[in-house]
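Here, residue 1 is the first one in the sequence, and each next residue gets the next number.
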Amino acid sequence: MDVRSVEAPNYLNPDIPAQLPRKTMPLVEASAQSLKGYGLLVNDPAQCEIEITRWPAQGWRPVDPDSGDEGGVTEGVFHSEWKGDVLYGRNGAVGGHYILGYGADPQAAREGHAEPPERILMWHANYHPDGGQLFFPLSPAPFVVPLALPGDDVTPEDFVCFRFDGTKGLYIHPNIWHEGAFACAGQQRFLDRQGRVHARVSVDFPREFGVLLEAPL
């Protein structure tokens, strides 16, 4: 599929087809070793520097070395909240509001109950070419973050779901595929710090691959 002409995703109404097959992601405990290449396990957000990627040259003339990376960093609170079978995200750093995933088939998902989810079904991921991103829990509770290494030819098989115990945060390198931080139950708040430019490159799993990505919670 040529995705270059596709409009930006409708994050609050993704219109996902019914009864899609699921691709199970490996579930891995987050550690300094398991996150190698994806990012870093963060003990202290004050000590975590956000990488800013220099604007790429358009031809053979290079970007001046004192320019192209001056957009800086923005910061806010990222909210991850289950409402029944629907996981919502709200990113105060960039003003985003999203459906991050589901705990049941999207066509059957209900919001009006308080049963804890048993799984996450993810429909979308993105990466930021302009900079890295920090998620640090503001209260200790387990959460998961699916990640994949850089490359626009990414496939569902490339994703790994990392589980965090809630005592440490995650720093994601630029160009790493991700979505938000997914609360394992209820609602959770995270300190979010990322590049202010906030360029976003997306993959839509139902439309490009005909699947949803799944991991147990």
Side-chain angles (χ1 to χ4, degrees), residues 21-45 47-48 50 77-91 93 96 98-106 109 114-128 132-150 154-194 203 205 209 211-217:
R22 303 172 183 179
K23 173 63 181 176
T24 301
M25 295 179 282
L27 186 63
V28 175
E29 291 295 324
S31 68
Q33 183 61 35
S34 65
L35 286 169
K36 196 169 183 179
Y38 298 92
L40 305 171
L41 201 60
V42 177
N43 292 298
D44 181 1
Q47 301 300 314
C48 182
I50 306 300
V77 175
F78 186 92
H79 298 261
S80 182
E81 180 179 6
W82 283 97
K83 294 183 178 180
D85 299 319
V86 184
L87 178 62
Y88 286 95
R90 189 182 293 274
N91 189 341
Y98 331 96
I99 289 178
L100 298 174
Y102 300 87
D105 187 272
E115 299 171 17
E118 297 181 354
R119 66 188 61 81
I120 181 70
L121 299 175
M122 186 171 75
W123 67 275
H124 170 271
N126 67 86
Y127 70 82
H128 305 308
Q133 186 168 11
L134 168 71
F135 291 106
F136 195 89
L138 295 176
S139 57
F143 63 97
V144 298
V145 183
L147 301 173
L149 295 172
V154 71
T155 68
E157 290 75 18
D158 295 323
F159 278 82
V160 176
C161 190
F162 290 90
R163 182 178 176 87
F164 297 77
D165 65 10
T167 63
K168 297 178 175 64
L170 167 65
Y171 174 70
I172 304 169
H173 291 309
N175 300 308
I176 295 296
W177 290 97
H178 65 284
E179 192 51 286
F182 297 171
C184 289
Q187 56 182 311
Q188 195 168 2
R189 300 187 310 133
F190 300 83
L191 169 66
D192 172 52
R193 193 179 294 145
Q194 62 189 104
V203 57
F205 300 111
F209 300 99
V211 299
L212 293 167
L213 271 58
E214 179 178 22
L217 296 175

>> Ring centres under 6.0 Å, that's the criterion: do Tyr98 and Tyr88 meet it?
In response: no
>> Determine whether Phe143 and Phe164 satisfy the following criterion, ring pair (Phe, Tyr, Trp, His ring centres under 6.0 Å), listing intermediate values before the conclusion.
In response: CA-CA 5 Å; Phe143 63 97; Phe164 297 77; 4.7 Å; yes
Rounded distance [0.5 Å steps], [atom1] in [X] versus [atom2] in [Y]:
X: Ile120; Y: Met25; atom1: CD1; atom2: CE; value: 7.5 Å
X: Asn126; Y: Ile176; atom1: CG; atom2: CD1; value: 12.0 Å
X: Ile172; Y: Leu40; atom1: CD1; atom2: CG; value: 10.5 Å
X: Ile99; Y: Glu179; atom1: CD1; atom2: CD; value: 11.0 Å
X: Thr24; Y: Leu213; atom1: OG1; atom2: CG; value: 8.5 Å

Do the side chain of [X] and the main chain of [Y] share a donor and acceptor less than 3.5 angstrom apart?
X: Arg193; Y: Pro45; result: yes
X: Ser34; Y: Glu29; result: yes
X: Ser80; Y: Ala181; result: yes

[X] to [Y] - nearest heavy-atom pair and separation:
X: Cys184; Y: Leu217; value: O-CD1, 3.9 Å
X: Pro142; Y: Gln188; value: O-OE1, 3.4 Å
X: Pro137; Y: Gly169; value: CD-CA, 3.8 Å
X: Ala30; Y: Leu35; value: CB-CD1, 4.2 Å
X: Pro106; Y: Leu212; value: CD-CD1, 3.8 Å
X: Pro117; Y: Trp82; value: CG-CE2, 3.5 Å

For a 4.5 angstrom cut-off between non-hydrogen side-chain atoms, does [X] reach [Y]?
X: Asp158; Y: Leu149; value: no
X: Phe182; Y: Pro146; value: yes
X: Val42; Y: Lys168; value: no
X: Tyr102; Y: Leu87; value: no

> Under the side-chain contact (heavy atoms from CB on, under 4.5 Å) criterion, do Cys161 and Glu214 qualify, and how do the steps go?
Replying inline: CA-CA 9 Å; Cys161 190; Glu214 179 178 22; over 6 Å; no
> Phe205 and ring pair (Phe, Tyr, Trp, His ring centres under 6.0 Å): which partner among Trp177, Trp123, Phe159?
Replying inline: Phe159
> Applying the side-chain contact (heavy atoms from CB on, under 4.5 Å) test to Phe162, which of Leu147, Leu41, Val144, Leu27 qualifies?
Replying inline: Leu147
Side chain to side chain donor-acceptor pair (under 3.5 Å) against [X], all qualifying residues, sequence neighbours excluded:
X: Tyr171; answer: Glu51
X: Tyr127; answer: Asp152
X: Asp105; answer: none
X: Arg90; answer: His97

>> Test side-chain hydrogen bond (donor to acceptor under 3.5 Å, both in side chains) on Ser31 and Gln33; report intermediate values, then the result.
In response: CA-CA 5 Å; Ser31 68; Gln33 183 61 35; over 6 Å; no
>> Please evaluate residues Phe190 and Val77 with respect to the criterion side-chain contact (heavy atoms from CB on, under 4.5 Å), reporting the C-alpha separation (whole Å), side-chain torsions for both, the decisive distance (0.1 Å), and the verdict.
In response: CA-CA 6 Å; Phe190 300 83; Val77 175; over 6 Å; no
> Any side-chain hydrogen bond (donor to acceptor under 3.5 Å, both in side chains) pairs touching residues 132-149, not counting sequence neighbours?
Replying inline: His128-Gln133, Gln133-His178, Gln133-Asp192, Gln133-Gln194
> Can you name the residues that form a ring-ring contact (aromatic ring centres under 6.0 Å, His included) with Phe209, not counting sequence neighbours?
Replying inline: none
